[in-house]
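Here's the structure we're looking at; comments come further down.
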Amino acid sequence: MVQRFRRRTRRRVVAIAAVGTMLAAWFGPAAPVQAADTNLIVNGGFEEGLGNWFVNNGNATDSATLSLTADAYAGSSAVLVTNRATTGSGPMQDLSGKVQAGQTYALTARIKYENPNSPATKQFYATMHYGGGTYTNLVSVVATRGQWAQFNGSFTIPSGQNVSTARLFFETPWTSNPSSDPNVHLMDFKLDDVTVVGAAPPPTPSKTIEVVGKLPGEHNPLIGHKFGADGFGFAHDGRVYLYLTNDTQGYAPNPTTGVSPQINYGNINQITLLSSADLVNWTDHGEIQVAGPNGVAPFTGNSWAPGMAKKVVNGQEKFFLYYANGGGSSNVITGASPLGPWTSERTSTLIDGRTPGAEAVAWKFDPAPMVDDDGEAYLYFGGGPASTSMPAAERFNNPKNLRAIKLGSDMVSTEGTAAVVDAPVAFEAAQVFKREGKYYLSYSSHFGGNDFGGNQTPLPGYPGGGQIGYMISDDPMSWPKETYAGVLFPNQSQFFGAGTGGNNHQSVFEYEGRYYFTYHAPTLNKRINGNTTQGYRSPHIQELTFNPDGTIQQVVGTYAGVDQVRDFDPYREFEAETFGWSKGVATAKVNGGSPEFGGTAPNLVVSDIDNGDWTALSSVDFGNGAHSVTAKVRPLVAGGKIELRLGEVTAPVVATIPVDAPLGEWTELSAQLDGVAGVHDVYFTYAGPAGADLFEIDTWRFEAGAEVPVTVTAQARCVAGKAYVAVQARNDHNAPVSIALETAYGQRSVANVAPGGNAYQQFNSRTASVAAGAATVRATGSVNGEDVTTVVTAQYPAVDCAN
Ligand SMILES: [Ca+2]
Ligand SMILES: [Ca+2]
Ligand SMILES: [Ca+2]
């Protein structure tokens, strides 16, 4: 995740010079606000904790922190910013999607500083960061030390300003070398009662991905309807769960250009959850609201780079979801199942500046758990710039920025001191799995630069920039540099081309006897926008194979991905938000539990279904034949229909469900199927009036056709030098059936075979030998008052009677 810490060259847009109209807005009396009075700031009084606020760090080495203080201007709390290393460090709130170009907003806030060594008065700014290097000072105030000062002004956003990223923060005036006099430039300050009042936010533009992002036949990226990064694979009870940083959260494609601003990690406080039993058809379980004011752990602001483990604690099986709370700390929440529901057992972060042995780690993030066979559990974490006390070559090659620490038996505490993981050229993303008694630790490598002693050539065999290296150890807490084993995965741009570079974040999991490697690449972003991507990453999986000596065969990234583990079983109610491929649809969480996964699991529906959109399932096994298909659907307009096709999206329609039911109500609608048997890719194509959302779909269900149960055997044998094929069919039905036996050497029909009775015929080939072949049996009887014919074939081997 290098991009979130990329050092910015700060380019000031000096509003005084560039935007004349803003002069009055800055320092003159507040201009009247024309539009409806809407306060765009959430939790401006900090009465809901730090919710919706995060810290703006001026650069990657800045680690300013926000905390609540009871010294409020109003109410019971305000925010305090400490540890500022740049003048730009201060409380920030994201107004992207809320403020509009050409509009005027009134801004008020209270600010106070108290450092007795600071000047008697100090200027503060409210500043907007429009993404990239574009900063605009909006409103200024000169405060008197020890007293609450009031920002009270207005600002007009220039009509040409791109506001797709707009983040408001509070700071002291910029200077290039603030550490020369911290008391003047870097004092702590408090903020309270922030309001930005103006035109109501515009309607939220659609995030639906209209292109086919996962191509039929391909298995990477895993999904085409949303993004997800830093995937952590977790196998449990016959399914694979994949926990992902919710890259879709800040995705905001321009309604006209379709291009989103660059990803903003600071906004991400949800974890996306997918699952699959076959690694090709993935169920979307939606997002876990982990952090933020409405999060499971509201004392955290971000949820990046998840890791999952399960353990029986006090007789109860629990699931522990670890995540990075931004770069500064890591935390864990607890699930009753891999799908939740989720609770927080902690009231403060699990890994932070108080964690023994982690003090020198710049980024106390990317936590990955590993539960050993003996029940002992470990957490791997860390990353970021190496200690400046090291020689430059060591900072580059052996930055010692990763850590291993034992987890407490409750899984939500740590024990003892974190041990250094001396991973060569390490950047972040440590993860460990165990195989045949050995521990494997993989991690991502850094890109050099000043954080790592300047640009250098790695030691021979050490990873280059943006690769996944790995180590093999006999001890989960011991990772000297000698355990380094090589590069597990080169940079993904080597496989997916222009626009897919950048950092990676991997995991390895075992599922049904095979090992799999998860990684991400902005391949869906590339399919939407071409080679100029905006950093929105998609999950991929490849199989991981080992050499006889236990080393790993370097992984090759492909769009083909992994083999489907098993065919999809259609004969049950399953979530419609499960697909192998899709076009033009989105998913939305609805109230109530999941029909497939149970009452406490989240449920989603397929939404944004337009004429021409479709969803598809890979390798569905219909066995002897399907009799009907049923959709649980909510019609939104009249005249919609669902069509079923086999093999490809343009194949002939084999069934149509007219979506003809009361609008706005959930209804089950069915269609008959005829002759749909065996294994097929299944396409649900959607049709109806153009320009309207047609309907939403919750679940699908197929019913197998009624069958006459018969048991059939076929044998080839010799009688007096001649080859015969003997066929027997037993009636397993509870009523008489008619049975027709057929081979290449003749046929015979037997009427009224009683329950438990047999139809039998020995067919003479009139030759000395027969090749292997099949006999066909047709059994006709009455099932539930309906005449049903079931066709069964039975193989027989070759026989040679000449000898
Ligand atoms: Ca307050
Ligand atoms: Ca659509
Ligand atoms: Ca559903």
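Since this is a predicted model, take the numbers as computed values, not measurements. In each ligand, atom 1 is the first atom listed, and ligand 1 is the first ligand listed.
For the Ca ion (ligand 1), the set of nearby N, O or S atoms under 3.0 Å includes none belonging to Ser76. Among the atoms of Ala74, an N, O or S atom falls under 3.0 Å from the Ca ion (ligand 1). Among the atoms of Ile609, no N, O or S atom is found under 3.0 Å from the Ca ion (ligand 2). Among the atoms of Ala576, none of the N, O or S atoms falls under 3.0 Å from the Ca ion (ligand 3). Put simply, Asn603 gets within reach of the Ca ion (ligand 3), with an N, O or S atom under 3.0 Å from it. Among the backbone and side-chain atoms of Glu596, none of the N, O or S atoms lies under 3.0 Å from the Ca ion (ligand 3).
Gly45 contributes O and Asp192 contributes OD1; the angle these two atoms make at the Ca ion (ligand 1) is 80°, rounded to 10°.
The nearest N/O/S atom of Asp610 to the Ca ion (ligand 2) is OD2. The closest approach of Glu47 to the Ca ion (ligand 1), by N/O/S atoms, is made by OE2. The atom of Asp613 that is an N, O or S and sits closest to the Ca ion (ligand 2) is OD2.
The six-membered or imidazole ring of Tyr536 lies near that of Phe227, with a centre-to-centre distance under 6.0 Å. Taking the six-membered ring where the residue is Trp, the centroids of Phe702 and His627 are separated by 6.0 Å or more.
The aromatic rings of Phe170 and Trp53 are tilted relative to each other, their planes meeting at an angle between 30° and 60°.
Within the 4.5 Å cutoff, the side chain of Phe574 has heavy atoms near those of the Leu617 side chain.
Annotation: cation-pi pair Arg527/Tyr559 present, NZ/CZ under 6.0 Å from the ring centroid and within 45° of its normal.
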